[in-house]
Amino acid sequence: MEKREKRVILCLAHMSGNEIRYVNEAFETNWVVPLGPNVNAFEDELHAFVISKANSKTVDTNNYPQCINAHNNDPEALWKDSFEELHSKKIVALSSGTAAVHLALIALGVGYGDEVICQSFTFCASSNPVTYLGAKPVFVDSEKDTWNMDPDLLRTAIEDRIKVTGKKPKAIIAVYLYGMPAKIKNIMAVANEYDIPVIEDAAEGLGSRYYGQVCGTFGRFGVLSFNGNKMITTSGGGALICPNEEMRNLVMFYATQAREGYPYYQHEKIGYNYRLSNICAGIGRGQMTVLDEHIAWHKHLAQLYANEFSKIEGIDFHSNPSENIDSNYWLNTITLSPELHVSGQENVYKSTVKTAVGGAAGVIHFVDQPHTDCEPNANVEALRVYLDKLNIESRPLWKPMHKQPCYKDSKAYVNGVSEGLFKRGLCLPSGPLVTEDDALYITEAIKQAIR
């Protein structure tokens with residue numbers, strides 16, 4: 001297969017053309033600050049999406065693009081929250097999803113020495129804010145269906161932490177990995193039994209639904225991300241879904257440097273500069289006009305991938321495990337059987353990388369040798385290298401946090417699921433910039449790589 005000039009990238013949000021209008025308005029009105037009309041409007045538009053569409057039916061990917069904006073109310077789909085509870089939620093636009101996790105923890109009173117249960121199989125932005133506060137992450141492994149936090153193992157972890165420390169964990173951070181909804185109903189049942197608040201990290205799950213309800217609206221707080229590779233982007237940014245006006249005001253207080261009500265700057269609490277800029281919010285407003293379209297296209301690509309990989313023995317495409325789980329398919333992922341032989345796998349891990357796999361990471365530390373005690377299998381790494389030579393970007397799945405050296409001393413409750421997935425899995429190009437022809441080219445390349 002010949003290498004194409006076009007680079008098929010993993011995932012990048014697509015500009016709609018509407019962004020310029022709102023950004024220009026920010027400059028013309030001189031709102032070039034981390035507040036302003038775009039910020040307020042962006043929060044309102046996000047609220048309308050996650051709340052008024054919280055009970056929308058699943059998008060029909062067989063009917064793209066006619067399915068765009070095809071939302072129909074279905075009140076019976078909501079298993080927990082009343083409409084009043086949903087509409088009482090408020091949204092604060094912030095500089096990043098990581099900032100949103102940090103502020104949610106602060107609002108819940110997490111402090112030095114507290115324990116917070118975190119999903120192990122995810123990106124470090126979920127657990128790092130726990131350490132910012134001097135608290136301790138306790139990692140819980142995944143279940144096989146959604147790849148997200150195992151509710152049974154969660155219960156085991158809570159009971160053991162109470163037994164060991166004499167007190168329950170301060171919070172639970174559940175994640176929607178690659179856009180796939182967790183079994184949040186089961187997780188919430190365990191959390192409610194022990195009266196532990198849940199933070200939903202829906203950074204990768206904007207528009208994903210569980211039993212028809214938008215992910216990020218089940219727990220005490222919901223985290224969204226608008227990084228450049230997410231479903232929509234503000235270039236960099238995030239948001240926190242708060243349970244009510246009171247919590248929204250508390251979060252806003254800490255997000256804007258925790259200023260007291262004096263005619264001069266007086267601070268009795270440590271605050272942060274976490275508010276989203278009015279210019280970035282303008283980009284977000286333009287992106288909101290194509291959010292439904294982006295979600296529909298991600299799902300459409302997932303269906304194409306699923307169809308093609310069903311024909312390839314030894315490769316499994318990760319799809320919705322049940323009709324009540326509706327992923328946005330932010331990233332499409334596959335797992336390779338260890339017995340599957342990929343061209344060049346005998347030559348991988350012979351040298352270290354000079355730039356980080358998986359995006360612009362700024363500065364990375366060089367390493368002396370390429371192996372660690374937990375790494376993708378040789379055939380997975382060989383497929384990544386093979387695709388890269390064809391100008392197709394792919395990435396390993398997230399390395400579990402309990403296997404990260406910086407968390408080597410953290411308590412972890414594991415069952416082997418996340419380690420096994422990390423060794424066998426790969427992320428494939430997704431999103432609005434990936435065409436149907438691209439998807440077919442990618443799957444054909446993978447077929448050619450198998451020996």
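All figures in this text were calculated on a predicted structure; none of them were measured in a lab.
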Thr165 to Arg161 - nearest heavy-atom pair and separation: OG1-O, 2.6 Å
Cationic N near anionic O, under 4.0 Å, Lys136 to Asp114: no
Centroid-centroid distance, Tyr413 to His402, less than 6.0 Å: no
Flag for Glu381-Gln345: side-chain donor and acceptor within less than 3.5 Å: no
Ionic contact status for Asp150 with Lys183, cut-off 4.0 Å: no
Ion pair check, Glu115 and Lys168, cut-off under 4.0 Å: no
Salt bridge flag under 4.0 Å for residues Arg424 and Asp316: no
Ring centroid separation His371 to Tyr349 under 6.0 Å: yes
Under 3.5 Å side-chain donor-acceptor pair for Asn128 and Thr131: no
Worked check of side-chain hydrogen bond (donor to acceptor under 3.5 Å, both in side chains) between Ser310 and Asn307: CA-CA 5 Å; Ser310 68; Asn307 290 340; 5.5 Å; no
Ser126-Asp201 side chain donor-acceptor pair, cut-off 3.5 Å: yes
Chi angles and distances behind the side-chain hydrogen bond (donor to acceptor under 3.5 Å, both in side chains) call for Gln257, Tyr272: CA-CA 5 Å; Gln257 298 290 22; Tyr272 305 88; over 6 Å; no
Interatomic spacing from CD1 in Ile184 to OG1 in Thr146 - rounded to 0.5 Å: 10.0 Å
From CA spacing to verdict: side-chain hydrogen bond (donor to acceptor under 3.5 Å, both in side chains), His14, Gln287: CA-CA 8 Å; His14 182 255; Gln287 288 275 283; over 6 Å; no
His318/Trp147 aromatic ring centres below 6.0 Å: yes
CG on Asp388 to CG on Leu383, rounded to 0.5 Å: 11.0 Å
Asn148 side chain to Gln119 side chain, donor-acceptor N/O pair below 3.5 angstrom: yes
Salt bridge Lys447-Glu308, side-chain N to carboxylate O under 4.0 Å: yes
Separation of Arg220 CZ from Ile199 CD1 (nearest 0.5 Å): 9.5 Å
No-hydrogen, no-angle side-chain donor-acceptor test under 3.5 Å, Lys403 and Ser418: no
Minimal non-hydrogen separation, Ala445 against Leu390, with atom names: CB-CD1, 3.7 Å
Donor-acceptor side-chain pairing of Thr443 and Tyr305 below 3.5 angstrom: no
Test of ring centre spacing under 6.0 Å for Tyr211 and Phe218: no
Test applied, salt bridge (Lys or Arg N to Asp or Glu O under 4.0 Å); reference residue, Glu43; option that passes from Lys90, Arg275, Lys89, Arg285: Arg275
Arg7 with Glu393: basic N within carboxylate O range, under 4.0 Å: no
Check: Tyr194/Glu159 side-chain N/O donor and acceptor closer than 3.5 Å: yes
Any donor-acceptor N or O pair under 3.5 Å, side chains Asn332, Ser430: yes
Within the 6.0 Å centroid threshold, strictly below: His294 and Trp297: no
Main-chain N/O of Asn320 paired to Tyr329 side chain as donor or acceptor, under 3.5 Å: yes
